[in-house]
Amino acid sequence: MPPTLASLVHHSALKLTVRAGEERLDTPVRWAHVSELADPVPYMEGGELLLITALKLDAEDPEAMRRYVKRLLGAGVVGLGFAVGVNYEDVPGALVDAARSEGLPLLAVPPRTPFIAISKAVSAAIAADQYRAVTSGFAAQRELTKQALNEGPDGLLAVLAAQVDGWAALYDASGAVVAAAPEWAGRRAARLTPDVERLRERPAPASAVVASGTEDRIELHSIGAGRGPRAALAVGTAATLGTAERYALHSAIALLTLTTERSRALHAAEQRIGSAVLRMLLAGEPDHARAVAGDLYGALLDAPFRMVLAETGAPPPSGVAAAGDTPAGAAALLAEAVTGAGEDPLGALADIVESAAARSGEAVLVVPDGRRLVLLAVDGGAAVEACVRYAEVLEGMRADGATGEEPVIGFSAPSGPIAASGAFKQAEQALSVARRRGRILVEHEDVVAGSVLPLLADDAVRAFADGLLRALRDHDATGRGDLVASLRAWLSRHGQWDAAAADLGVHRHTLRYRMRRVEEILGRSLDDPDVRMELWLALKATGA
């Protein structure tokens with residue numbers, strides 16, 4: 001505890017007596033300062049015990065003393081020490097009355113107590129308090145380090161909460177609470193997610209004091225030494241942190257930052273392993289992939305998984321090894337995690353998916369590859385759900401008129417290690433459909449469960465269809481027959497002459513003649529099923 005007026009009064013060597021302001025003696029003293037100026041206020045910082053002999057004061061003038069005392073209180077002076085037996089034999093009554101009226105503690109200093117003794121006592125008490133704070137801080141640091149090594153973040157937060165006599169919570173990169181102490185603090189900390197998200201937008205290290213709607217004083221601090229913070233720490237207390245508590249908080253931030261940076265290096269190593277596992281799966285070597293995956297990704301390969309592809313902008317010039325490629329011929333997969341949610345949607349997706357998987361205790365394989373991100377996630381798991389939610393949020397932002405670079409995401413159907421290359425193709429197909437349709441996310445099941453006809457709306461397909469049917473339309477435009485309508489009727493009746501002729505209201509021999517003219521004009525045989533298929537799709541694409 002810092003020195004207070006009460007501790008100075010109880011100091012046996014100083015012999016101070018209280019003349020006014022007894023109810024405020026528990027006020028801390030930041031310094032003891034001597035000034036004989038009639039107005040020392042410009043030289044005060046607040047928290048001082050002012051020592052005077054009233055050399056330049058009319059201490060017996062009640063009005064002057066009231067103004068003097070009010071000025072001192074306005075400047076934050078916590079007490080006034082008056083030396084008796086120097087200029088006045090006793091503390092003047094006008095000064096005592098003014099101090100009592102305004103509630104300013106007034107101490108009488110006896111002749112045998114020099115001001116320097118009071119200053120030394122205050123200085124010694126402040127030094128002792130700082131020493132106790134430093135000693136306590138070192139002790140807290142040792143305990144925090146011990147808990148961080150043995151119990152992880154949960155143990156560290158428990159010690160920190162006890163040290164600050166409050167609560168503490170840790171947030172991941174997505175702003176979700178991953179640990180809190182005491183346990184009840186998790187609900188309170190969850191309400192601060194918007195504040196944590198705003199803190200992440202600032203360069204690290206960053207901190208903020210926020211209001212939670214309670215009586216707590218809450219501090220937020222970013223965790224991580226990289227370009228963007230990887231986590232955040234919240235500390236809630238009833239009052240402003242003291243020196244010892246501040247030491248403990250800074251130690252916790254340092255330890256969590258060290259843990260985060262170490263985890264980042266491990267994360268990069270895990271991604272290199274994940275890259276190797278993925279390439280082996282796509283090369284048709286599931287047994288080798290399992291051996292490399294080990295405990296890190298083994299559980300992921302034991303359950304049905306989804307292959308997920310996400311990319312931004314134009315498709316990258318090179319990418320993950322396709323089915324049939326050997327690992328030696330595959331493009332190198334980047335192993336460095338990408339961060340910066342606002343400017344990098346793929347980095348945001350990776351953070352969200354990995355955080356969701358970590359909270360649920362499931363494995364997820366994340367491999368950045370330039371403008372593309374490859375994910376392998378448990379079917380129906382938290383990572384897949386987080387990916388879908390991310391796409392829904394972006395779709396909502398688009399609906400609200402928000403602009404910016406958006407990812408395009410394709411999901412494969414549930415698959416296993418043996419069919420990984422097929423799952424990769426499915427994810428690529430879904431990705432292609434999502435890009436064509438202007439969607440954020442498309443699942444392969446949505447593609448195969450629907451109809452192929454909507455795909456005919458593509459401009460390239462329409463151009464092909466127009467070119468294929470143009471000669472028939474030109475013929476019909478001369479009034480020499482209705483070949484396009486006859487072709488449609490004949491194809492729709494699967495080449496049944498009588499049924500198609502009846503639909504057209506013509507004789508079957510007339511229809512046979514028209515179909516021969518179609519073959520002559522197009523230079524293609526209607527006996528070829530591929531020709532019939534192309535002509536039917538061309539008719540559907542153009543609405544002919």
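- Remark: side-chain polar atoms of Gln426 are paired, donor with acceptor, to backbone N or O of Ala413 under 3.5 angstrom.
- Ala276 and Val292 get closest at one heavy-atom pair: CB-CG1, 4.4 Å.
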Item to complete: Might you work through the side chain to side chain donor-acceptor pair (under 3.5 Å) test for Arg473 and Thr542, ending with a clear yes or no?
Response: CA-CA 12 Å; Arg473 287 201 179 98; Thr542 59; 3.2 Å; yes
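- Listed here is the closest heavy atom pair of Ala185 and Ala181: CB-O, 4.0 Å.
- Summarising the local packing, CG of Asp165 is surrounded by 12 or fewer heavy atoms from other residues, nucleotides or ligands at distances under 6.0 Å.
- The pair Glu270-Arg272 does not meet the salt-bridge criterion, since no charged nitrogen lies less than 4.0 angstrom from a carboxylate oxygen.
- The nearest pair of heavy atoms linking Ile409 to Ala434 is O-CB, 4.0 Å.
- Around OH of Tyr297, the count of heavy atoms belonging to other residues, nucleotides or ligands within 6.0 Å exceeds 12.
- Leu349 places a side-chain heavy atom less than 4.5 Å from the side chain of Tyr390.
- Within the 4.5 Å cutoff, the side chain of Leu346 has no heavy atoms near those of the Pro368 side chain.
- Ser432 and Arg436 share a donor-acceptor pair across their side chains, judged by distance under 3.5 Å alone.
- Atom CG of Asp528 has more than 12 heavy atoms from other residues, nucleotides or ligands within 6.0 Å.
- A salt bridge is defined here as a Lys NZ or Arg NE, NH1 or NH2 lying under 4.0 Å from an Asp or Glu carboxylate O, and Arg516 with Glu520 fails to meet this definition.
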Checklist entry - Does the side-chain contact (heavy atoms from CB on, under 4.5 Å) test come out yes or no for Val506 and Arg514, once each step is laid out? => result CA-CA 11 Å; Val506 300; Arg514 291 179 180 179; 4.1 Å; yes
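- Here the closest non-hydrogen pair linking Asp527 and Glu519 is N-OE2, 4.2 Å.
- Between Leu469 and Leu535, the closest side-chain pair of non-hydrogen atoms falls below 4.5 Å.
- With rounding to the nearest 0.5 angstrom, the CG atom of Leu281 is 9.5 Å from the OG atom of Ser421.
- Heavy-atom contacts from other residues, nucleotides or ligands closer than 6.0 Å to CD1 of Ile418 number 12 or fewer.
- Within the model, atoms CE of Met515 and CG of Leu491 stand 7.5 Å from one another, a figure rounded to the nearest 0.5 Å.
- A salt bridge links Asp302 and Arg290; the closest N-O separation between the charged side-chain nitrogens and carboxylate oxygens is under 4.0 Å.
- Salt-bridge check for Arg306 with Glu443: passed, with a basic side-chain N closer than 4.0 Å to an acidic carboxylate O.
- Summarising the geometry of Leu301 relative to Pro417, their closest heavy-atom pair is O-CG, 3.3 Å, with the distance given to 0.1 Å.
- Side-chain contact between His444 and Phe411 is absent, with no heavy-atom pair separated by less than 4.5 Å.
- Within 6.0 Å of NE2 in His288 there are 12 or fewer heavy atoms belonging to other residues, nucleotides or ligands.
- For the residue pair Ser251 / Arg246, no side-chain donor-acceptor distance below 3.5 Å is found, with atom types taken as modelled.
- In plain terms, the two heavy atoms of Ala168 and Leu160 that are nearest each other are CB-CD2, 4.0 Å.
- Atom OG of residue Ser412 and atom CG of residue Leu431 lie 12.0 Å apart, to the nearest 0.5 angstrom.
- Asp216 has a carboxylate O that lies under 4.0 Å from a charged side-chain N of Arg188, or vice versa, which qualifies the two as a salt bridge.
- With a 4.5 Å cut-off on side-chain heavy atoms, Asp195 and Leu192 count as touching.
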